Peer 1: 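Before anything else, here's the structure in question.
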Protein chains: 2
Amino acid sequence: MIDFAPHDHDGCIASALAAAEEGCAARGLRLTDARRRVLEILLESHRALGAYDVLDRLRAEGRPAQPPLVYRALDFLVAQGFVHRIERLNAFVACARPGAEHAPAFLICRACEAVAEMPVAPEEGRLGSAARATGFALEATTLEAEGLCPNCRGAVA
Amino acid sequence: MIDFAPHDHDGCIASALAAAEEGCAARGLRLTDARRRVLEILLESHRALGAYDVLDRLRAEGRPAQPPLVYRALDFLVAQGFVHRIERLNAFVACARPGAEHAPAFLICRACEAVAEMPVAPEEGRLGSAARATGFALEATTLEAEGLCPNCRGAVA
DNA sequence: AGGGGAAGTGTTATACTATATCATCCGCTG
DNA sequence: CAGCGGATGATATAGTATAACACTTCCCCT
């Protein structure tokens with residue numbers, strides 16, 4: 001999800017899958033059955049899932065999967081930008097803007113566990129200026145925040 | 001370390017320990033032997049260590065420690081701001097600016113594994129503006145970047 | 001069509017990270 | 001010195017991730 005507002009969920013699943021298909025085709029890569037199913041599970045659940053949550057769902061569908069299958073699929077999907085890893089949760093979430101070049105930031109609600117993906121430009125942010133100041137060559141960034149989303153903020157109060 | 005340059009290491013250990021002592025005293029908390037030793041180990045090693053690395057060092061000193069001891073000490077030190085957790089590494093590093101109010105960012109060298117702590121003001125950065133834009137109440141932030149530090153950058157080239 | 005290499009998957013085992021639980025100890029306060 | 005709360009000891013287990021090797025499938029090339 002991009003922010004904490006409701007949206008057309010079926011539509012976002014379909015377009016994300018289509019974007020993944022296209023991205024793979026364009027790069028000569030294969031969106032195999034296992035990879036596609038893992039991506040679908042993340043899209044359908046629409047939240048951050050641990051690798052073993054994904055594994056459980058695969059097994060619930062009758063697929064006798066093992067951890068390496070899931071981690072390989074996730075590694076692939078993350079490398080291609082179709083899925084993001086949330087470090088604070090040791091979890092994975094489907095990308096909300098597949099196809100777009102981006103290094104996202106995440107807002108994680110500690111009450112409802114929703115994760116919103118925000119577009120940012122890390123090169124131009126604080127990490128970028130810190131890196132330039134010391135001569136550090138930036139290759140990958142993690143920007144995550146935990147707190148209360150607008151919905152839970154009201155509910156708690 | 002604050003950046004990737006050499007510095008007075010003995011001095012930084014002593015001042016960090018002193019700051020921790022003072023901080024605990026000021027807040028009516030106890031810097032117990034276990035907590036102090038864990039902090040010293042992180043300061044001496046001067047890099048990010050996993051909880052089990054710390055555990056190994058405690059045991060190497062003849063202390064028959066178990067994982068919960070280390071995690072409890074680390075939780076305390078992190079809560080007090082004397083140690084920071086590096087999410088990308090599942091590791092811990094002694095704070096380079098103890099006492100100062102700060103929400104740090106980290107630059108992690110993938111070659112030499114050095115971790116530099118950079119001062120930033122997250123409320124004013126991209127995460128802060130993203131949070132304000134959606135009504136998200138920011139409580140804790142993680143800003144980490146991986147890449148090549150100035151030293152390794154030269155060595156590889 | 002068939003050879004052959006690269007990429008992907010199956011399978012087993014294991015390494016690494018973290019916490020639950022309950023008993024015991026220690027230090028302070030009244 | 002009794003009692004309380006925080007800290008530690010100890011055992012067990014939960015949760016996350018990868019190593020290693022065998023096998024298959026896809027695809028390209030001839």
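Labels below follow one simple rule: chain letters A, B, ... track the order of the sequence lines, proteins then strands, and each chain is numbered from 1. If you're wondering where the values come from, they're calculated on a predicted model, not measured in any experiment.
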Peer 1: Is the side chain of B:H9 donor-acceptor paired with the backbone N or O of B:L43 at a distance under 3.5 Å, no angle test?
Peer 2: yes

Peer 1: With the threshold set at under 4.0 Å for non-hydrogen atoms, list the residues of residues 44-69 of chain B touching DNA chain C in residue-number order.
Peer 2: B:Y52, B:P67, B:P68

Peer 1: Counting distance only, does the side-chain N/O of B:E144 pair as donor-acceptor with the main-chain N or O of B:I86 below 3.5 Å?
Peer 2: no

Peer 1: Between P on C:dT19 and CG on B:L74, what's the gap in Å once rounded to a whole number?
Peer 2: 11 Å

Peer 1: In whole angstrom, what separates B:L89's CG from C:dC16's P?
Peer 2: 15 Å

Peer 1: Please check the phosphate of C:dG8 (OP1 and OP2 only) for any side-chain N or O of A:R35 closer than 4.0 Å.
Peer 2: yes

Peer 1: Can you see if the side chain of B:T32 gets near the phosphate of D:dT8 - specifically, an N or O under 4.0 Å from OP1 or OP2?
Peer 2: yes

Peer 1: Starting the side chain at C-beta, find the nucleotide from C:dC22, C:dG10, C:dT19 nearest to A:R72.
Peer 2: C:dG10

Peer 1: May I ask you to say whether B:E61 pairs ionically with B:R59, meaning some side-chain N is under 4.0 Å from a carboxylate O?
Peer 2: no

Peer 1: Measure OH/B:Y71 against P/D:dT13 and give the value in whole Å, please.
Peer 2: 18 Å

Peer 1: Measure from CD on B:E87 to P on D:dT16 and round the result to the nearest Å.
Peer 2: 13 Å

Peer 1: Out of C:dT21, C:dA7, C:dA18, which nucleotide sits closest to the side chain of B:R85?
Peer 2: C:dA18

Peer 1: For A:D75 and D:dT16, give me the distance from atom CG to atom P, rounded to whole Å.
Peer 2: 16 Å

Peer 1: Would you please indicate yes or no on a ring centroid separation below 6.0 angstrom for A:F92 and A:H84?
Peer 2: no

Peer 1: Does any non-hydrogen side-chain atom of B:V83 lie less than 4.5 Å from one of B:V93?
Peer 2: no

Peer 1: Please report the distance, rounded to the nearest Å, between CZ in A:R37 and C1' in C:dT9.
Peer 2: 18 Å

Peer 1: Is there a donor-acceptor pair closer than 3.5 Å between any side-chain N or O of B:E117 and the backbone N or O of B:A96?
Peer 2: yes

Peer 1: Round to the nearest Å and state the distance from B:R88 atom CZ to D:dA17 atom P.
Peer 2: 13 Å

Peer 1: Does the A:R37 side chain pair with the main chain of A:L58, one donor and one acceptor, at a distance under 3.5 Å?
Peer 2: no

Peer 1: Nearest whole angstrom, please: distance from the P of D:dT16 to the CG of B:N90.
Peer 2: 11 Å

Peer 1: Would you mind telling me which residue lines up with the more 5' stretch of DNA chain C, A:D33 or B:A91, judged by nearest nucleotide?
Peer 2: A:D33

